[in-house]
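Quick one: structure below, then a few questions.
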There are 2 protein chains.
Amino acid sequence: MLHGHSRSDASSLLQSRGERATPARKAVLDILLGASSALSHADIDAQTRSRGQPLDRVTLYRVLDWLVSHGLAHRIAAEDRVWRYNVAHDQDHGHAHFRCSGCGQVFCLNELRPAFAVSLPEGFHFQQAELTIQGLCPTCNKP
Amino acid sequence: MLHGHSRSDASSLLQSRGERATPARKAVLDILLGASSALSHADIDAQTRSRGQPLDRVTLYRVLDWLVSHGLAHRIAAEDRVWRYNVAHDQDHGHAHFRCSGCGQVFCLNELRPAFAVSLPEGFHFQQAELTIQGLCPTCNKP
DNA sequence: CCCGGTCATGCAACAGGATTGCAAATATCG
DNA sequence: CGATATTTGCAATCCTGTTGCATGACCGGG
């Protein structure tokens, strides 16, 4: 998987916010920056492990929570009841997600900003909407 | 909570499909028919218990699975990673859900059929879309 | 430079939801 | 009625995620 990010991106991203750039945070953020789809805790754990710098399960959970609460990552709940994370893109306007019914991977569709006219039943108060599209990802779509 | 369903609705619904109308299925389906929002396993368990006909945890899971796989119920995964169920309404066109950020309850919005122009990235194959709206339910919306 | 406090990490134990295996009970069909 | 298939219940297990607590790293002030 080719991509243009390097370790330093993660560091500088953290530093530019005046936050501590600890090894765990740098590693996790770097992994997220290099991912092409949203990653689960298990995915990230596997990557830290294969990089030879395994993190404690709990530490990983806490780093992810920290990244989310500091606006650096975004957390997605999918049908399989597993949290998935990706780097937060600009605003947190309710964007759309794509879930592959073949492999279960979740992709963020940042471009897609569907307009829909919402008319809720009496008494309901609207706050935010999220669109989830299900289908086949490029890999699973191949014959 | 007033509603017009009775035990016999569940029975006849099952029988009209030529399926076994066991006590467990009748009870669960009846509960679902009388619910105003999607119910979790715990919700349904509590109701069977308060009715004096408690079901085994596992039996309840299996009855729910059975109902879903036979098109009688619909299963929803919410942010809290708890399955919720409601009676399946006609077609299974991807409909919309409302999740209350106050109490966590999930409501099915059967009427809402938002139109959105989906243009997926190259290689992705569309199957179905689902809209989740977050906000406050009538109860939590009261001052 | 060192001390004291704050923040981060790791380990262990736990929690809650859901699933699996297996045996007993129940229903269906010939 | 008896053979067969389906349902139910119980126990044990799994999987994801959390909490408590002690240790270790970092930072800022003297």
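Note on naming: letters A, B, ... go to the chains in the order of the sequence lines (proteins, then strands), and numbering restarts at 1 for each one. Worth saying up front: this structure is predicted, and the values here are computed from it rather than measured.
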Identify the two heavy atoms, one from Leu55(B) and one from Thr48(B), that lie closest to each other, and give their separation to 0.1 Å.
->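 Closest approach of Leu55(B) to Thr48(B), heavy atoms only: N-OG1, 3.9 Å.
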
Would you indicate, yes or no, if dT6(D) has its OP1 or OP2 atom less than 4.0 angstrom from a side-chain nitrogen or oxygen of Thr22(B)?
->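 So the side-chain polar atoms of Thr22(B) never come under 4.0 Å of the phosphate oxygens OP1 or OP2 of dT6(D).
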
Tracing side-chain links under 4.5 Å among I, L, V, M, F, W and Y, which residues wind up in one group with Ile76(B)?
->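 Members besides Ile76(B), by chain and number: Val106(B).
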
Looking only at side-chain N and O atoms, does Thr59(B) come under 4.0 Å of OP1 or OP2 in dG9(D)?
->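 Thr59(B) to dG9(D) OP1/OP2: side-chain N or O found under 4.0 Å.
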
Can you give each donor-acceptor pair under 3.5 Å made by side-chain atoms of residues 136-143 of chain B, sequence neighbours left out, with the distance rounded to 0.1 Å?
from	atom 1	to	atom 2	distance (Å)
Asn141(B)	ND2	Gly123(A)	O	3.3

Could you walk me through whether Lys26(B) and Gln53(B) pass side-chain contact (heavy atoms from CB on, under 4.5 Å), step by step?
-> CA-CA 11 Å; Lys26(B) 286 190 286 189; Gln53(B) 46 182 212; over 6 Å; no

If you look at every heavy atom in Ile133(A) and Leu120(B), which pair is closest and at what distance?
->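 Heavy-atom minimum between the residues: CD1-CD2, 4.2 Å.
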
Scan residues 11-20 of chain B for pairs that pass salt bridge (Lys or Arg N to Asp or Glu O under 4.0 Å), counting only residues two or more places apart or in two chains.
->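 Sorted pair list comes back empty.
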
Just how far, in rounded Å, is P of dC26(D) from CZ of Arg25(A)?
->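 Roughly 12 Å, once rounded to whole Å.
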
Sole residue of Leu29(B), Asp9(B), Leu13(B) in side-chain contact (heavy atoms from CB on, under 4.5 Å) with Val87(B) |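 Considering Leu29(B), Asp9(B), Leu13(B), a side-chain contact (heavy atoms from CB on, under 4.5 Å) with Val87(B) is found only for Leu29(B).
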
Are there any protein N/O atoms within less than 3.5 Å of an N/O atom in nucleotides 10-17 of chain D, and if so, which ones and at what distance?
from	atom 1	to	atom 2	distance (Å)
dG17(D)	OP1	Trp83(A)	N	2.7
dG17(D)	OP2	Tyr61(A)	OH	3.1
dG17(D)	N7	Arg57(A)	NH2	3.0
dG17(D)	O6	Arg57(A)	NH2	2.7

Terminal contacting nucleotides, 5' and 3', DNA chain C versus chain B (heavy atom, 4.0 Å) =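 Contact span on the strand: dG17(C) to dT28(C).
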
Solution key, residues 56-68 of chain B side-chain donor-acceptor pairs under 3.5 Å, sequence neighbours excluded:
from	atom 1	to	atom 2	distance (Å)
Asp56(B)	OD2	Val58(B)	N	2.9
Asp56(B)	OD2	Thr59(B)	N	3.4

